[in-house]
Amino acid sequence: MNPENAKRRIEELSDKVNYYNEQYYIYDKSEISDYEFDQLLKELNNLEKEFPQYKLPHSPSSRVGGDITKKFPVVKHEYPMLSLANTYTFEELEEFDKRVKKDLGLEQVDYFCELKFDGVAISVIYENGILTSAVTRGDGVQGDEITANVKTIKSLPLKIQNADYPKKFEVRGEVFFTKSEFEKLNKSREDQGEDLYANPRNTASGTLKMQDSSIVASRNLQCYLYYLLGEDLNIEKHEEGIKKLEKWGFNVSDSYRLCNGIEAIRNYINEWEHKRFELPVETDGIVIKVNSIKLQNKLGTTAKSPRWAIAYKYKAESALTELLKVTYQVGRTGAITPVANLNPVLLAGTTVKRASLHNANEIERLDLHEGDFVHVEKGGEIIPKITGVDKSKRSKTAKKINYISKCPECGTGLIRNEGEAQHYCPNDIYCPPQKRGRIEHFVSKNAMDIDSLGSETITGLIDKELINDIADLYYLKYEDLENLEFEAYSEKKGEVIKRRLLAKSARNLINGIEASKKQPFERVLFGLGIRFVGQTVAENLSNHFQNIERLSNASTEELIEVQDIGTRIAESLRAFFNDKMHLDLVERLKKAGLNFEIKEDNTGSNALNGAKIVVSGVFENFSRDGIKKSVKVNGGKLVSSISSQTDFVLAGENMGPAKLKKAEDLGIKIINEEEYLKMIEEK
Ligand code: IVH
């Protein structure tokens, strides 16, 4: 395709895909099939790859992320992002209404009421209908610019389809996890043996600040918009602003209502007190705003909050119930979590049977005794917490809860590292849940991705003593598996069921295991399940050390030199590789044919002709790993530190001053991203 046509087609496809996205995510309508949609997106992706110069700022491909932001730039808000004064009783609200009426000299004021969503506030700027910047609240005056991450929120338009918008405007809203999406995220963390997130709001906040926008994209954040700002808006009422947002395709919660005075507000509050639990998002109150913008301006703001709006917070739901017993869970990495098993009680719309006790300190803090009556509360947390004990209900003979000293699964003595709250079972190879958990983690999607091997089958294979660790998988034979009968706990049925591996499943399993041998080193490394070594760390380690020999021989100091790796991870790696059992395991995996070194990619040019290159800083057109891959694919050799042997330094934004000085001292050529692009394009 010639460049001109490509440009036009990219524009057309971007608009189309944005349009169908909006229909789907805002209006719940599918006007075309998934297949047709994927075809459009694929065509767009291919064209953007071929003609990157024509990729639009509102390209729907930014929905999938991929940009890495090392450090979020700090940006000043055009209009300060104030917070709201809180009230907790209806009387306080009456006072607010009285004050507003008095200040305005009016008998009655119209209010716009809406639920208060428990998420993270953002401000998003649109220029010429295109999303150009998104910023966190920060301190209200300035916040972090997190545009790449916010663009992954599918219900937020990248380009306004409807034409009657002002040249520039700002929308404010709340980014959040829906309850079900949050549960899904935690479920997948549980499957991978990772710690669970305690509450959706903090997780949303953490997610928005992640460096890798493709992880943000995978988490399916949502947002509701509730405030339109700007010049030339042509509106007299807050409600008109909301109607405009709706018309422009923004996600506005339909829970809002116009209330013509304090009694109408009271009804609204009462109506939503319990109904709010049925909403897909956590809410913690309602927001009451003066509807007329002229009156808003008349009332003005204090240093902290507007005088024309206020929040009413519902009391966190709480209940008193009996502690039946404390049990202890052992995670994949051996971390012990104490759990309070409770007499079931209804709370915030769900029946609560269990509450997490986090760690030994928490039990100590609550001074928990057997048979205690405890207050459980459900605020923003999905998992309820115990906020206190009703000591008047405690019997004199009740015994204090003593933390266990031995692993409930394998009897090994527990350990607790200095400075850590959690106890651990150190028997990582033979402790049953750890053994099972390690194998589940190893075969999981982001590691070896052996989807023909589910957790029931893993349990069955362990019970039948066919496998004891991950390396054993590669020594399984078809004959071992065909018609294998085993018992497994079915989560669906909630009971133990009998299963038999038929020929087809056995064959799939063998094939899946065989195919996994092709997975790259970084995935194998992640799959080993070394404490604190997540996907990104595994990727950094594999890029830096290139093979397992160099990695396993690296000292703590050498490990800390790698991007994103601190003492905690370095020490965990050292502990792993100091253990002979782990070295034997790696040896057996190696013999089985898994990748323990980076394989070179020969698909690119040889433009760099073997030059030894140090990459540093942040790049506009490449992610962190993208730039490294590009160097390798184009025939360059990556080196991690600058020496007289280095041919040149490829410097992005924010390159460290120490590196810069070293390069200058040694007289090594420094090239920027633009020069680099030319180098690889010319050949
Ligand atoms: S309006 C000046 N409406 O609550 C008025 N805020 O505690 C701007 N919030 O900063 C805010 N739901 O982050 C408004 N329906 C809603 C809201 C809402 C949640 C958040 C927002 C605000 C904070 C104040």
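These figures come from a predicted structure and were not determined experimentally. Note that ligands are numbered from 1 as they come in the structure, with each ligand's atoms numbered from 1 the same way.
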Would you call [X] and [Y] a salt bridge, taking side-chain N to carboxylate O under 4.0 Å as the test?
{"X": "Asp103", "Y": "Arg307", "value": "no"}
{"X": "Glu95", "Y": "Lys98", "value": "no"}
{"X": "Lys243", "Y": "Glu239", "value": "yes"}

Suppose we measure from [atom] to each protein heavy atom; which comes out shortest, and what is that distance?
{"atom": "atom 13 (O) of ligand 1", "value": "Glu174 OE1, 2.9 Å"}
{"atom": "atom 15 (N) of ligand 1", "value": "Leu115 O, 2.9 Å"}
{"atom": "atom 8 (C) of ligand 1", "value": "Tyr227 CD2, 4.1 Å"}

Hey, is [X] touching ligand 1 through its side chain, its backbone, both or neither, going by heavy atoms under 4.0 Å?
{"X": "Lys116", "value": "both"}
{"X": "Trp308", "value": "side chain"}
{"X": "Pro306", "value": "side chain"}
{"X": "Arg137", "value": "side chain"}
{"X": "Tyr226", "value": "side chain"}
{"X": "Leu84", "value": "both"}

Geometric cation-pi criterion Arg219 and Phe177, 6.0 Å radius, 45° cone: no
Atoms in ligand 1 flagged as close to Lys289, the criterion being non-hydrogen separation under 4.0 Å: 1 (S), 3 (N), 14 (C)
For Glu114, atoms of ligand 1 separated by under 4.0 Å from a heavy atom: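 Selected atoms, number and element: 15 (N).
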Phe250 and its ring-ring contact (aromatic ring centres under 6.0 Å, His included) partner, picked from Tyr226, Tyr224, Tyr126: Tyr126
Matching residue for Pro344 among Val352, Thr351, Thr321 - test: side-chain contact (heavy atoms from CB on, under 4.5 Å):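 Of all the options given, the one that passes is Thr351.
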